[in-house]
There are 2 protein chains.
Amino acid sequence: MRKVIEGVTEMLLNRNIKPSYQRIKVLEYMMNNRIHPTVDQIYSALQNDIPTLSKSTIYNTLNLFIDAGLVRLITIEENETRYDIDTSNHGHFKCVECGEIYDFSINIDDLEAKGISNFKINDKNVYFRGVCSKCHKM
Amino acid sequence: MRKVIEGVTEMLLNRNIKPSYQRIKVLEYMMNNRIHPTVDQIYSALQNDIPTLSKSTIYNTLNLFIDAGLVRLITIEENETRYDIDTSNHGHFKCVECGEIYDFSINIDDLEAKGISNFKINDKNVYFRGVCSKCHKM
DNA sequence: TATATATTTGTAATGATTATAAATTAGGAT
DNA sequence: ATCCTAATTTATAATCATTACAAATATATA
Ligand SMILES: [Mn+2]
Ligand SMILES: [Mn+2]
Ligand SMILES: [Zn+2]
Ligand SMILES: [Zn+2]
């Protein structure tokens with residue numbers, strides 16, 4: 001009944017991705033900072049560990065992870081691409097005040113979508129926008 | 001019980017937007033072509049009517065319409081901004097084969113979002129991706 | 001008509017992402 | 001260990017969508 005924690009190196013190897021130092025660090029960051037980070041956030045955070053790091057590597061790595069199903073893309077706002085290590089079906093709420101992105105659970109499969117029967121659905125996204133409780137108080 | 005058709009000029013005047021020729025043409029296009037067009041699609045279509053048309057005007061006009069609540073923004077894919085004349089709550093399905101965007105009706109308010117109680121929700125978006133029935137047959 | 005204001009236009013600036021090629025790294029063979 | 005090859009990373013240039021800005025044009029008012 002004990003859940004085996006899958007290390008980041010194993011996560012990569014299991015998906016036939018060579019666990020380079022940069023890839024491990026990016027994945028580690030995603031696992032430890034579940035904030036739906038932007039490329040810039042990841043880049044800034046990893047510069048301490050990898051002084052020679054290039055932003056291209058972040059883009060390459062994230063696109064690799066997306067193809068492998070390790071992370072998923074979040075595009076609530078135009079020109080603000082974010083990445084989510086949680087690939088399970090859940091909704092996202094963006095606070096227009098503080099900019100934070102919250103997860104919320106939602107039964108997307110419960111609601112019936114009229115008008116697209118016989119359509120093959122690959123993925124579903126639910127995005128809300130508004131003001132979070134923290135900002136609402138002020 | 002008869003529904004009064006609101007002309008595009010009246011639509012603009014009702015929202016305190018001066019009905020310039022360009023604005024009327026853009027809104028007319030949105031009303032008659034409910035295809036969630038991109039800026040380029042609108043621009044190409046209107047060049048016949050307005051040879052001197054500038055793409056800046058399309059951007060300005062659409063942003064004006066968004067602020068006025070006349071149209072809403074659709075961002076299923078990053079770097080593909082589309083505009084919807086239908087501001088009612090409904091879902092969008094993008095076919096990855098033909099690129100077409102389909103509307104579908106959905107009871108977004110029916111599903112409860114656990115984890116964001118006390119949040120003030122301004123707008124809700126539901127995006128699906130997959131293959132439409134037309135493309136699936138082939 | 002003259003004048004002020006709003007709108008449109010053309011062009012430059014911005015910024016995020018991708019493309020490309022050189023540099024570096026890592027692993028296997030000798 | 002050295003050599004060789006392929007993969008990865010890096011730096012830089014290219015691309016593309018959007019916005020910023022100022023000049024030109026159109027519209028409204030006196
Ligand atoms: Mn999430
Ligand atoms: Mn629609
Ligand atoms: Zn907030
Ligand atoms: Zn299709």
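Every chain is numbered from 1, with letters handed out A, B, ... down the list of sequences.
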Working for ring-ring contact (aromatic ring centres under 6.0 Å, His included), residues B:Y102 and A:F119 = CA-CA 10 Å; B:Y102 295 85; A:F119 282 34; 4.9 Å; yes
Side chain to side chain contact (heavy atoms under 4.5 Å, CB included) partner of B:R82, the single match among B:T38, B:I76, B:T75 | B:T38
A:Y83, A:Y127: one ILVMFWY side-chain cluster at the under-4.5 Å cut-off?
-> no
Here the distance between atom C1' of C:dT9 and atom CD of B:Q47, to the nearest Å, is 13 Å
Nearest-Å distance for atom pair CZ/P, residues A:R23 and C:dT25 | 16 Å
base_contact_polar (C:dT11 base, B:S56 side chain, donor-acceptor, <3.5 Å) = yes
Which heavy atom in B:A113 sits nearest to a heavy atom in A:F128, and how many Å separate them?
-> CB-CE2, 4.2 Å
Inspect the contact between B:E77 and B:R129 and indicate whether a charged nitrogen and a carboxylate oxygen are less than 4.0 angstrom apart.
-> yes
When the distance from OH of B:Y21 to P of C:dT8 is rounded to whole Å, what number comes out?
-> 12 Å
Any side-chain donor-acceptor pair under 3.5 Å between B:E78 and A:T81?
-> yes
Shortest non-hydrogen contact between B:E97 and B:V131, atoms and distance = CG-CG1, 3.7 Å
Between C:dT8 (P) and B:Y43 (OH): distance, integer Å | 15 Å
Looking only at side-chain N and O atoms, does A:Q22 come under 4.0 Å of OP1 or OP2 in C:dT25?
-> no
Could you point out which residue of A:V8, A:D49, A:I35, A:I85 forms a side chain to side chain contact (heavy atoms under 4.5 Å, CB included) with A:Y29?
-> A:I35
In whole Å, what is the span from the CG atom of B:L46 to the P atom of C:dT9?
-> 11 Å
At under 4.0 Å between heavy atoms, what does B:T57 touch on the DNA or RNA strands: base, sugar-phosphate, or nothing?
-> base
Rounded distance (Å) that lies between atom C1' of C:dT7 and atom NZ of B:K25 = 18 Å
Distance-minimising heavy-atom pair for B:L53 and B:Y43 | O-CE1, 3.5 Å
For nucleotides 13-17 of chain C, which of its nitrogen or oxygen atoms have a protein nitrogen or oxygen under 3.5 Å away, and what is each distance?
unit_1 : atom_1 : unit_2 : atom_2 : d
C:dT17 : OP1    : A:T81  : OG1    : 2.7
C:dT17 : OP2    : A:Y59  : OH     : 2.4
C:dT17 : O5'    : A:Y59  : OH     : 3.4

Extract, from 5' to 3' on DNA chain D, the first and final nucleotides lying under 4.0 angstrom from some heavy atom of chain B.
-> D:dA17 to D:dA20
